[in-house]
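Written out below as structure tokens is the structure these notes cover.
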Amino acid sequence: MSRRHRYEEPEPVPIDPVTGQPVAIRYEGVYKSFGEHHVLRGLDLLIPAGKITVIIGRSGTGKSVTLKHVMGLLRPDKGRIFLGDEELTSFTDKKLRTVRNRFGVVFQNAALFDSMTVYDNIAFPLYEHTRMKRKEIDTKVATLLAQVGLSGSEKKVPSELSGGMRKRVGLARALVRDPEFILYDEPTTGLDPILAAAMDQLIVETQDSRPGITSVVISHDMHAVLHIADKVAFLVDGVVYDEGPPEYFRDHTDPLIHQFVTGSLEGPMKV
Amino acid sequence: MIRGAIEALGRRVLEPIEEVGRVSRIFAFGTANIFIRPLRFRETVKQMEFIGVQSLPIILLTSFFTGAVFTLQSHRAFAMFGAQAMVGGTVGVALTRELAPTLTGLLVAGRAGSAMAAEIGSMRVSEQIDALDAMAVDPINYLVKPRLLASVIVTPLLTAIYDFVGMVGSWYIAMYVLNMSEPEYMKRTQEWIDWDDIWSGLLKALVFGAIIGTVACYKGYYTRGGAAGVGRATTSSVVVSSVAILVSNFFIAWALP
């Protein structure tokens with residue numbers, strides 16, 4: 001029997017049927033449980049490159065868990081996850097850490113470091129991973145703060161900021177290393193409707209100003225879904241129940257989707 | 001029903017084993033990270049300032065009064081058989097071998113260990129540790145290593161200060177309250193206290209420092225359940241560190257000459 005190493009062709013990158021774009025992130029039959037609690041139950045999901053994909057679903061359906069898997073913060077019990085043509089699930093912890101450099105994450109409550117100023121929060125990834133000079137960092141931080149509408153807030157600490165301001169600082173921090181992928185975990189939760197609309201606009205502006213960036217947004221906010229998404233995936237019990245462009249969901253007749261979109265108490269989903 | 005009972009029994013057996021595994025992991029990874037870049041020198045110094053310098057007032061106060069009260073009580077006891085001259089040496093040996101490292105360990109666990117557990121715990125529940133991970137920054141390297149290292153370095157230093165100030169307290173009471181003879185007090189103290197007593201106390205303090213740093217970081221790192229979880233982690237950190245200090249103290253004392 002030949003012991004020579006055989007060259008294996010990388011798997012071709014598929015095309016997302018909803019947007020017609022090449023797939024940037026692919027979940028294939030992903031299962032994840034925490035003890036007796038089965039969160040993901042064979043998730044198949046395609047995230048198109050260069051577009052905004054919004055994952056919707058009720059609380060506890062596995063949206064955040066889905067997001068954490070793509071960065072290697074969680075590993076699936078079963079199934080595969082691909083980033084482009086690379087299989088993430090086969091990576092070592094060390095290699096996963098390098099993959100994370102390609103991501104920016106906006107956390108639900110911003111997750112800013114309490115002990116640091118706004119400047120240090122945004123500059124932190126640059127201190128950690130680059131040898132940029134102080135002046136270059138100053139310029140970068142000032143530019144990002146201007147982009148998120150918080151110029152001159154460098155010396156403030158997170159406790160002096162409102163919820164909306166914190167999320168915008170979180171976005172600036174996520175963008176500071178010019179990531180290929182940006183993940184938003186419920187970016188408008190806890191904001192009033194006007195601030196939520198401003199955050200939605202910021203997400204779209206970020207997408208438009210950085211061609212090629214792939215965004216994944218987790219949201220319950222149907223207003224945001226219909227205004228910012230290029231693709232929507234609806235999760236129920238750890239699997240994609242349906243997916244499509246936002247207008248597909250607007251007038252959907254499926255009782256489950258209709259109940260979620262209209263926020264009705266009447267329907268198959270019980271409180 | 002039988003299956004449920006067996007499962008419950010299994011969980012009760014496995015949980016403590018898992019916990020020991022997680023504590024060992026924090027200690028092993030924290031220690032292994034000491035030589036892994038980035039070295040976190042600035043953060044370690046900051047933690048040393050927090051654990052050491054900010055603990056100084058409480059250490060100075062308690063050490064002085066520990067030496068003072070121990071002198072007072074042992075003088076009463078020794079007076080019953082006319083051996084008051086032994087007070088200085090007795091207090092010295094007790095302080096350096098047992099009281100200074102143990103009480104310093106308990107004080108550091110109560111003041112700094114609880115604060116470390118609370119800080120890391122609140123970082124966990126507010127997703128700041130996830131944010132570190134997401135930014136490809138190893139939380140063990142960034143959070144655990146500096147605290148563990150600072151705790152191991154600073155606890156023996158505070159113990160040495162406890163030794164000295166405790167003896168000052170003892171000397172003060174002996175001279176100005178009990179009116180003992182200073183030359184005799186000093187002579188007995190010097191005769192009785194050996195370098196081995198001091199070193200064994202400092203070695204214990206080093207172990208206690210490792211216990212405090214590991215337990216505080218472990219309890220904080222694995223915090224679950226919001227603000228209530230942070231509270232539980234903080235309390236549990238102090239209780240577990242204190243018990244571990246007192247138990248390990250016995251075994252170290254037994255093992256050392």
Side-chain angles (χ1 to χ4, degrees), chain A residues 34-36 64-65 67-75 91 93-116 120-131 158-159 166-167 169-171 173-177 179 181-186, chain B residues 3-4 7-8 10-12 14-15 18 25 28-29 32-33 36-47 49-50 54 115-116 118-143 145-147 220-227 230:
Chain A
F34 298 97
E36 297 293 306
S64 294
V65 172
L67 216 58
K68 284 182 177 169
H69 272 87
V70 76
M71 301 185 65
L73 295 179
L74 292 174
R75 283 184 184 270
F91 283 10
D93 285 349
K94 197 176 173 185
K95 203 167 177 192
L96 275 176
R97 215 172 277 286
T98 60
V99 168
R100 287 180 200 142
N101 284 317
R102 296 161 66 186
F103 285 85
V105 187
V106 181
F107 284 88
Q108 192 173 345
N109 295 308
L112 300 180
F113 302 122
D114 305 322
S115 55
M116 296 183 193
D120 286 330
N121 262 288
I122 299 172
F124 182 76
L126 300 178
Y127 291 145
E128 287 291 319
H129 298 294
T130 71
R131 291 175 181 268
S159 59
R166 263 190 235 136
K167 291 202 179 187
V169 174
L171 175 57
R173 183 176 69 182
L175 293 171
V176 76
R177 294 194 64 208
F181 303 91
I182 183 148
L183 313 177
Y184 301 86
D185 190 0
E186 302 196 16
Chain B
R3 190 182 161 187
E7 279 177 359
R11 265 199 299 276
R12 290 194 74 137
L14 285 177
E15 272 168 15
E18 277 177 18
R25 184 175 179 270
F29 283 20
N33 258 280
I36 294 175
R37 285 178 181 276
L39 296 175
R40 310 279 179 206
F41 181 72
R42 188 181 295 183
E43 187 60 25
T44 305
V45 171
K46 194 174 142 193
Q47 290 302 325
E49 193 266 342
F50 171 69
Q54 290 186 33
M116 286 193 281
E119 187 185 8
I120 298 178
S122 59
M123 287 184 78
R124 167 62 75 196
V125 298
S126 62
E127 293 187 305
Q128 292 176 50
I129 294 182
D130 286 341
L132 283 172
D133 258 327
M135 285 185 265
V137 175
D138 181 4
I140 300 285
N141 185 285
Y142 184 73
L143 294 173
K145 173 173 81 173
R147 284 165 177 79
Y221 197 78
Y222 289 99
T223 298
R224 292 282 178 274
V230 176

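By convention in this document, chain letters (A, B, ...) are assigned in the order of the sequence lines, proteins followed by strands, and residues within each chain are numbered from 1. Quick caveat, the model's predicted, so the values are computed rather than measured.
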Approximate separation, where rounding is to 0.5 Å, of A/Leu74 CG and B/Asp130 CG = 8.5 Å
Run the side chain to side chain contact (heavy atoms under 4.5 Å, CB included) check on A/Arg173 and B/Met135 step by step: do they pass?
-> CA-CA 10 Å; A/Arg173 183 176 69 182; B/Met135 285 185 265; 3.8 Å; yes
Should we count CZ of A/Phe34 as having more than 12 external heavy atoms under 6.0 Å?
-> yes
What one should report as the nearest heavy-atom pair of A/Asn109 and B/Glu127 is N-OE1, 4.2 Å
Sorted by chain and residue number, the side-chain contact (heavy atoms from CB on, under 4.5 Å) partners of A/Val99 (sequence neighbours excluded) come out as A/Leu83, A/Leu88, A/Phe91, A/Phe103
Whether A/Phe113 and B/Tyr142 hold their rings parallel, tilted or perpendicular, with breakpoints at 30° and 60° | tilted
Does B/Asp133 reach the side chain of A/Arg97, with side-chain heavy atoms less than 4.5 Å apart?
-> yes
Of all heavy-atom pairs linking A/Leu73 and B/Ala134, the shortest is CD2-N, 4.2 Å
Determine, for B/Arg40 against A/Glu128, whether the closest basic-nitrogen to carboxylate-oxygen distance falls under 4.0 angstrom.
-> yes
Engaged part of A/Leu112 at the chain B interface, taking heavy atoms whose separation is under 4.5 Å = backbone
Heavy-atom distances under 4.5 Å only: say whether A/Asp93 touches chain B with side chain, backbone, both or neither.
-> neither
Check the pair B/Val137, A/Tyr127 against side chain to side chain contact (heavy atoms under 4.5 Å, CB included), reporting the backbone distance first and the verdict last.
-> CA-CA 11 Å; B/Val137 175; A/Tyr127 291 145; over 6 Å; no
